[in-house]
Each structure stands twice: as C-alpha cells, then as structure tokens.
Amino acid sequence: MLFEGRIVLKGGHVVDPATGVDDIRDIRMDDGIVLDVEKSITPHPEDQVISCVGQYIFPGFTDLHVHFRDPGQTYKETLMTGTRAAAAGGYTAVCPMPNTVPATDSMEKISVLLKRCAEESAVNVFPISAVTKDQAGTELVNIPAVKLAGAVALSEDGKSVMDIKLYEKAMKIAAKEHIPVFAHCEEKNLAAGGVINAGEKAEALGLPGISNAVENIITARDIFLAGETGAKLHLCHCSTKESVALVLLAKKLGYQVTAEACPHHFALCDEDIPCDDANYKMNPPLRSKEDMYAVREGLKKGIIDCISTDHAPHSEEEKAEGFFKAPFGITGLETSFALSYTTLVLEGGMKLIDLIRAMSTNPAKLIGYRGGQISVGKPADIVVCSLEQFRVDRNTFVSKGHNTPFHGKKLYGKVLRTFVNGRMVYQNPDCDMLF
Ligand code: DOR
Ligand code: ZN
Ligand code: ZN
C-alpha cells in the first residue's frame with residue numbers, strides 16, 4: 001500500500017452520478033471514509049496531498065462478473081492477482097463467478113472465500129454462489145444458507161440451468177430470499193459445438209457457428225420465469241440486438257430485470273476477427289456489426305444497466321490452440337474503462353456521467369455495495385483517471401491472463417490511482433511523471 005491515512009485529492013474533476021456532481025472538487029478521506037467533498041479544501045499539515053489537476057475522479061467501478069479461477073486453476077489467475085488486476089482497472093468491488101474447481105456452491109465455500117479475501121484481496125469481493133450443486137444442473141444449492149454466508153447473487157455462469165422446472169424453483173426461492181439471479185443465457189442443445197458467431201466469418205474460417213437464437217431463446221425464457229416468480233433477474237453479457245429488445249420489453253412489463261454488456265461485445269464484432277486467433281473467442285461470441293451497435297444503443301439509452309467485464313483469464317498455451325480447441329473467454333479488467341470510454345463516449349456520444357452510472361452506480365446498487373458514490377461518510381472507494389491516449393500492452397497486465405484481442409490498440413482513458421477504504425491499492429507507473 002502506497003498511501004494511507006489522511007489524504008486530500010486536489011483539483012480533480014469529480015463525476016458522480018449518485019450525487020450529481022460533475023465539476024472540480026477537492027476530496028478529503030481518512031479512516032476508510034470520505035470526510036469532505038468541497039470546492040476547495042485547505043489541507044492540514046498532516047494531510048498527504050495528491051494533485052489531480054487535469055484528471056477525473058469517479059466512484060470506484062464495480063464489476064458484477066469476473067472469473068478468478070481460485071481455487072482449482074490458479075495457473076490462470078488467483079484471488080491475489082485477480083483482485084490486483086481489478087484495482088489496476090479502477091475497480092473497487094468485484095463479484096467472482098462460482099465456476100471454480102470446486103464450484104462455489106455452499107455456505108462453507110462462501111465463508112472460506114470471504115475469509116481468504118480479508119487476507120489476500122486488494123478490493124472488495126462480493127461472491128456469487130452457484131445455482132446448483134457443483135453446477136451440475138440437477139440439485140439446487142441451499143439458497144438461504146449461501147445468502148446468509150454472504151453470497152450476493154446466484155449464477156450458473158458458463159452455462160444455463162437447462163432444467164426449466166428446477167430453475168423456476170430456484171427463482172421462487174431467490175425471490176423469497178431477495179437474492180438476484182445472474183443468468184448466462186445459452187441454449188445448450190442449439191449451441192452444441194459452436195465456437196464463433198454464426199455468419200460469414202464462421203464460414204470463411206470453416207468454424208461451427210453459434211446463432212443469436214442460442215442466446216435469445218434462453219433470455220426470453222428467463223425473463224418470463226422472472227416475471228412469473230417475482231425473482232430479480234440480471235442478464236449477463238447481452239450480445240444480440242434481440243436481447244436488448246427483450247430487456248426493454250421486460251422493463252416495460254414491470255419485471256425486476258436488469259442487464260449487463262461487456263466491452264468486447266460493444267467494441268468489436270465478428271468482422272474484426274483477423275484470423276483463427278482464439279484471443280477473439282469468448283462466449284457469447286463477438287456478434288454482427290448490427291448487434292454491436294444495438295448493444296451500444298442499449299447502453300446509451302439505459303436499457304442495459306451495467307458494464308461488466310466477464311474477465312476470463314486463460315494461459316498462453318490454452319489460447320494458442322486456435323478457435324476450435326481453445327477455451328472461451330478473454331481477460332478484461334485492465335482494458336474495461338478505456339474501451340468503454342473510447343467506444344461509448346468518444347465514438348458513440350454517450351455522456352461520461354452515464355458511462356460512470358453503468359460502471360459504478362448501477363452495479364453497486366444491484367448488490368447493495370455502499371461504494372459506487374463519493375459522499376461524506378461513505379467508503380473512500382475511488383478511482384482517479386486521465387482521459388489521455390495510451391497503447392494497450394498486455395505484457396504490463398497485472399492479471400496472469402494476457403489473452404486479449406486489444407493488445408497494441410490505442411485507446412483513451414488511463415487508470416492512474418485506485419483507493420479502497422481510503423488506501424491506495426493501485427498506482428499507475430506513469431504517475432511519478434505527473435507530479
Ligand atoms: O467467455 C466465457 N468465459 N464465457 C463464459 O461464460 C465462461 C467464461 C469462463 O469461465 O472462462
Ligand atoms: Zn457467461
Ligand atoms: Zn462469465
């Protein structure tokens with residue numbers, strides 16, 4: 001930890017959708033909380049002052065969807081490296097998905113994870129429990145018990161619960177327990193064998209395709225189950241234009257439905273896949289250009305509530321296997337803000353404050369995290385960014401996963417410093433030059 005104790009951030013442009021502030025402010029923090037947010041704060045002699053002139057200050061980002069591979073596949077990522085990668089990406093809270101080995105599927109496993117976090121984690125961790133034991137799709141976890149242990153959501157991410165009767169039962173209990181269900185929507189039988197979006201690119205590369213219907217069918221199923229049971233449903237990684245339309249319909253019907261989209265799905269489309277390079281392979285796959293623009297519009301209009309990364313680290317060797325054999329997923333925590341700012345704000349005309357709503361305010365609210373805002377008395381979970389251009393270099397990633405299609409890309413929006421509970425947990429190596 002580099003800075004702790006009483007800190008004053010001076011002269012930064014604060015953008016906080018929760019309080020509506022979008023102006024130059026000084027911030028004083030101490031003892032883990034925000035003490036003052038004022039137009040001008042006169043530092044006391046014992047205060048450590050960090051100049052943020054020309055920089056932007058946001059409530060720390062919350063990622064509702066990460067894969068940390070710990071326990072079981074720690075050669076890909078660990079709790080330690082994953083949470084440090086999160087800090088480097090400006091995240092102050094993350095929700096690890098339960099598809100570890102073994103799966104996070106019991107009160108005991110949630111408790112052990114949270115205990116480990118207190119020792120090993122750089123940021124706040126809000127675990128997600130599996131819906132079924134061992135994610136086998138046959139027997140429900142003890143939902144009240146995992147909630148009691150600290151799980152903030154239930155998810156079978158990596159697949160869908162295909163037994164609709166069992167999923168209905170899970171949603172009924174989830175509704176009663178006030179715990180949201182995070183849905184990975186994939187019709188398994190229809191997807192069978194697919195590795196890339198169905199279309200011209202799949203044909204050109206001679207690879208089996210995954211159609212939009214694979215996602216749309218289960219998205220519709222889950223929305224209507226949520227409507228019927230009263231469950232809170234959060235739709236993971238929406239990638240099709242039909243998913244965006246279905247989310248809008250669900251909201252119009254008054255269902256408790258929220259949705260997320262991932263930077264790769266709004267920054268890239270299948271036409272951008274240059275060759276058989278598995279760094280472009282993820283599930284759901286990169287879709288058509290039309291889908292990509294629909295996801296952008298969905299975010300801009302607030303139909304899609306949150307930006308999540310689906311941070312899915314894999315080893316170099318695994319990803320070198322090519323599209324057909326390599327596992328699905330890309331590392332996302334350290335490119336998320338820059339991809340979102342560049343694509344949605346600079347190219348897409350979204351307001352910066354609305355982007356921060358999707359990265360901080362909305363996801364924090366969804367899991368009841370007290371961060372996601374810069375207010376007096378609230379946790380000092382804050383990120384300082386510059387909006388300058390930089391070049392993505394995967395060799396500098398804090399994550400063990402270097403599997404990204406964005407290596408070498410010029411983007412705008414650099415994370416400079418991340419504070420969790422008033423302590424600096426990340427400082428960009430370029431910062432020294434900024435003083
Ligand atoms: O691309 C993906 N990677 N999608 C998923 O649903 C799972 C994830 C993983 O665990 O690697
Ligand atoms: Zn998923
Ligand atoms: Zn995932």
Side-chain angles (χ1 to χ4, degrees), residues 63-78 82 85-86 94-104 126-132 134-135 137 153-162 180-188 191 194-197 210 214-216 218-219 222 233-240 243 259-265 267-268 270 273 277-287 295 306-319 321 323-333 335-336 363 399-406:
D63 194 342
L64 298 178
H65 190 151
V66 298
H67 297 274
F68 283 164
R69 317 300 191 198
D70 189 355
Q73 294 179 309
T74 50
Y75 66 96
K76 297 184 197 236
E77 194 77 290
T78 66
V94 290
C95 301
M97 283 294 181
N99 65 339
T100 46
V101 185
T104 318
F126 295 91
I128 299 174
S129 166
V131 181
T132 68
D134 205 24
Q135 293 193 300
L154 302 168
S155 181
E156 207 81 329
D157 190 54
K159 52 188 163 186
S160 298
V161 178
M162 291 309 295
V181 176
F182 286 16
H184 167 116
C185 299
E186 179 183 1
E187 218 296 339
K188 197 173 140 191
V195 296
I196 190 170
N197 188 46
I210 302 170
V214 164
E215 177 173 326
N216 303 340
I218 300 294
T219 302
D222 289 4
L233 175 71
H234 177 71
L235 295 159
C236 294
H237 42 49
C238 292
S239 73
T240 67
S243 281
E260 68 183 33
C262 305
H264 46 268
H265 287 131
L268 293 175
D270 62 354
I273 302 171
D277 176 355
N279 283 317
Y280 291 80
K281 179 179 178 180
M282 67 288 285
N283 190 17
L286 297 175
R287 298 289 190 184
V295 172
C306 305
I307 292 170
S308 300
T309 64
D310 198 2
H311 177 77
H314 294 291
S315 72
E316 208 78 26
E317 295 73 32
E318 288 167 315
K319 279 299 199 182
E321 296 265 28
F323 245 95
F324 197 67
K325 277 182 82 183
F328 289 102
I330 64 164
T331 182
L333 284 164
T335 47
S336 177
S399 168
K400 280 193 184 184
H402 293 181
N403 47 312
T404 176
F406 300 108

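Values below: all heavy atoms of this structure, side chains included; hydrogens, waters and symmetry mates excluded. It should be emphasised that the depicted structure is a prediction, and the values quoted were computed from it without experimental measurement. Every number for a ligand or one of its atoms is a count from 1 in the order of the listing.
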Which N, O or S atoms belonging to the protein are less than 2.8 Å from the Zn ion (ligand 3)?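 Metal shell, protein only: His65 NE2, His67 NE2, Asp157 OD2, Asp310 OD1.
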Report the residues that fulfil side chain to side chain donor-acceptor pair (under 3.5 Å) with Thr240, sequence neighbours left out, ordered by chain and then residue number.
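Result, side chain to side chain donor-acceptor pair (under 3.5 Å) vs Thr240: Asn216, Ser243.
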Tested for side chain to side chain donor-acceptor pair (under 3.5 Å) against Glu77, the lone hit among His67, His311, Arg69 is His311
**Q.** Exam field: side chain Asn403 to backbone His314, donor-acceptor pair closer than 3.5 Å
**A.**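 Here the side-chain-to-backbone pair exists.
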Handout entry: Any side-chain heavy-atom pair of Thr309 and His65 under 4.5 Å
Key = no
His264 and Pro405, any side-chain heavy atoms less than 4.5 Å apart
no
(message) Lys319 and side chain to side chain contact (heavy atoms under 4.5 Å, CB included): which single residue from Lys325, His402, Lys281 fits?
(response)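 Exactly one pass, corresponding to Lys281.
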Residues forming a salt bridge (charged side-chain N to carboxylate O under 4.0 Å, His left out) with Lys76, sequence neighbours excluded
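Applying salt bridge (charged side-chain N to carboxylate O under 4.0 Å, His left out) to Lys76 gives Glu318.
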Within the heavy-atom cut-off of under 4.0 Å, ligand 1 is lined by His67, Arg69, Asn99, Asp157, Gly158, His184, Met282, Asn283, Asp310, Ala312, His314, Phe328, Gly329
**Item:** Phe328 atom CZ: more than 12 heavy-atom contacts under 6.0 Å
**Value:** yes
### Validation row, ring centre His237 to ring centre His184 under 6.0 Å
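Yes: the rings meet the under 6.0 Å criterion.
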